[in-house]
Amino acid sequence: MTQPYAEVIGDPIVQSKSPAIHGFWLEKLGIDADYRATHVTADGLADFITSRRGDGDWRGCNVTMPHKQAVIPLIDRLDPLAAKVGAVNTIVPEGGELVGYNTDVPGFLEPLQSLLGETHYFRMARVLGTGGAARAIIVGLAGEGLVLVLAGRNPDKARALLEELDPSGEHHVAPLDHFADATDFAFDDREGCLDLVVNASALGMTGQPPLRFDMSHAPPGSVFYDIVTSPLDTEFLKAARAAGFRTVDGLSMLIGQADHAFRRFFGTNPPRGDADIELRERLTK
């Protein structure tokens, strides 16, 4: 008997938490299917896609670094959101075609939904980092009416990214090191405003340099969001909490994006709510 399966591909791939997330949901729902991690190099990407096209048990795959853009020419069609972001993190066979989706956008926004559902006089996000992950975050936040300050080592790259992804937006750029030193800027009354500070970079991740951000750059009431998952409680988030700010960790985005992928792979919603608590415990052991 063969078994339906989905998978996550990347290089490297051993660090991926996706098999644990999808495996937990499959187990909870009693679905006879598998979700695995598959190491695919850049040189092997085209052959991988070709091999999966003819596999009737294959329900699709998640795509992680460094393949989110490289995979686009190898599939048949892009969902409009994936086309706008210019990156694919989920591939699903549909009607004889391979369709590329981007579930990073709704996954990133999921833990912010209650805030985004409120009415604000003004919405601003300071987004730190201009790498691949920033693309989905820029599209997601711009789509929710936030003015962005995109900070990168190369401000020209930041400007080009904003012009590509949201050319009609009135956004701003800044060098990343601008936020490392204290500022004496006096923020106005931020009542009725939404302010986010988002680490969209790998800084602060295990084995990476720290993210240097002075809390004087954060308006009162800001929400800090770090997409890094190793460590889960980063120094960036610890410093924000110590300064009295609310925080969102990277596992929130990871579980959120997996939710949207799971529905497409297995045709049903994963168990959430109270199950998230158990899932988080399993992922952080």
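Everything numeric here is computed off the predicted structure, so don't read it as measured data. Note that the numbering runs from 1 along the sequence shown for the chain.
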Flag the pair [X] and [Y] as a salt bridge only when some basic side-chain nitrogen lies within less than 4.0 angstrom of an acidic carboxylate oxygen.
{"X": "D34", "Y": "R59", "value": "no"}
{"X": "K84", "Y": "E164", "value": "no"}
{"X": "R123", "Y": "D195", "value": "no"}
{"X": "D104", "Y": "R135", "value": "no"}
{"X": "D259", "Y": "R272", "value": "yes"}

Validation row, ring centre Y35 to ring centre F266 under 6.0 Å: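 Between Y35 and F266, the centre distance exceeds or equals 6.0 Å.
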Sequence-distant partners of E235, salt bridge (charged side-chain N to carboxylate O under 4.0 Å, His left out), two or more places apart: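 In terms of salt bridge (charged side-chain N to carboxylate O under 4.0 Å, His left out), with neighbours along the sequence ignored, E235 is linked to K238.
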Using 0.5 Å steps for rounding, measure from the [atom1] atom of [X] to the [atom2] atom of [Y].
{"X": "H22", "Y": "S16", "atom1": "NE2", "atom2": "OG", "value": "8.0 Å"}
{"X": "L251", "Y": "D233", "atom1": "CG", "atom2": "CG", "value": "11.5 Å"}
{"X": "L176", "Y": "L203", "atom1": "CG", "atom2": "CG", "value": "6.5 Å"}
{"X": "I137", "Y": "T130", "atom1": "CD1", "atom2": "OG1", "value": "11.5 Å"}
{"X": "R280", "Y": "K285", "atom1": "CZ", "atom2": "NZ", "value": "15.5 Å"}
{"X": "R282", "Y": "K17", "atom1": "CZ", "atom2": "NZ", "value": "14.5 Å"}

Ignoring hydrogens, what is the shortest heavy-atom contact between [X] and [Y]? Give both atom names and the distance.
{"X": "P231", "Y": "G204", "answer": "CD-O, 3.6 Å"}
{"X": "F187", "Y": "H217", "answer": "CZ-O, 3.4 Å"}
{"X": "M215", "Y": "A243", "answer": "CG-CB, 4.1 Å"}
{"X": "G250", "Y": "L232", "answer": "N-CD1, 4.1 Å"}
{"X": "L81", "Y": "P106", "answer": "CD2-CD, 4.1 Å"}
{"X": "G256", "Y": "E110", "answer": "CA-OE1, 3.7 Å"}

Just by distance, no angles: are the side chains of [X] and [Y] close enough, under 3.5 Å, to form a donor-acceptor pair?
{"X": "H67", "Y": "D11", "value": "no"}
{"X": "N62", "Y": "N89", "value": "no"}
{"X": "S216", "Y": "T183", "value": "no"}
{"X": "S18", "Y": "R36", "value": "no"}
{"X": "D32", "Y": "Q3", "value": "yes"}

[X] side chain near [Y] side chain, heavy-atom distance below 4.5 Å:
{"X": "I72", "Y": "V88", "result": "yes"}
{"X": "V149", "Y": "F179", "result": "yes"}
{"X": "K28", "Y": "P271", "result": "yes"}
{"X": "M124", "Y": "F122", "result": "yes"}
{"X": "Y225", "Y": "P111", "result": "yes"}
{"X": "T90", "Y": "V92", "result": "yes"}
{"X": "I227", "Y": "L254", "result": "no"}
{"X": "L194", "Y": "L112", "result": "no"}

Side chain to side chain contact (heavy atoms under 4.5 Å, CB included) between V248 and V223, worked out: CA-CA 8 Å; V248 180; V223 177; 4.1 Å; yes
Taking the side chain from [X] and the backbone from [Y], do they hold a donor-acceptor pair closer than 3.5 Å?
{"X": "Y101", "Y": "H260", "result": "no"}
{"X": "T103", "Y": "Q257", "result": "yes"}
{"X": "S51", "Y": "F48", "result": "yes"}
{"X": "T206", "Y": "S230", "result": "yes"}
{"X": "S222", "Y": "A218", "result": "no"}
{"X": "E144", "Y": "L141", "result": "no"}
{"X": "H171", "Y": "L148", "result": "yes"}
{"X": "T234", "Y": "L237", "result": "yes"}
{"X": "N199", "Y": "A202", "result": "no"}
{"X": "D57", "Y": "T2", "result": "no"}

Could you see if [X] belongs to whatever hydrophobic cluster contains [Y]? Use Ile, Leu, Val, Met, Phe, Trp, Tyr and a side-chain cutoff under 4.5 Å.
{"X": "V228", "Y": "V8", "value": "no"}
{"X": "V105", "Y": "V63", "value": "no"}
{"X": "I13", "Y": "V71", "value": "no"}
{"X": "L162", "Y": "V198", "value": "yes"}
{"X": "L196", "Y": "V139", "value": "yes"}

Candidate pair Y5 and F265, rule ring-ring contact (aromatic ring centres under 6.0 Å, His included), full reasoning: CA-CA 8 Å; Y5 73 98; F265 296 149; over 10 Å; no
Side chain to side chain contact (heavy atoms under 4.5 Å, CB included) evaluation trace for I9 with L45: CA-CA 9 Å; I9 65 168; L45 187 59; 3.9 Å; yes
Verdict with supporting geometry, F213 and L128, side chain to side chain contact (heavy atoms under 4.5 Å, CB included): CA-CA 9 Å; F213 183 89; L128 314 174; 3.8 Å; yes
Exceeds 12 heavy-atom contacts within 6.0 angstrom, atom CZ of R153: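 Incorrect, the count does not exceed 12.
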From CA spacing to verdict: ring-ring contact (aromatic ring centres under 6.0 Å, His included), F236, F224: CA-CA 8 Å; F236 177 68; F224 280 68; 5.3 Å; yes
Candidate pair L283 and L279, rule side chain to side chain contact (heavy atoms under 4.5 Å, CB included), full reasoning: CA-CA 6 Å; L283 293 172; L279 175 56; 3.9 Å; yes
E97/R53 under salt bridge (Lys or Arg N to Asp or Glu O under 4.0 Å): CA gap, chis, key distance, verdict: CA-CA 8 Å; E97 292 185 311; R53 281 184 182 275; over 6 Å; no
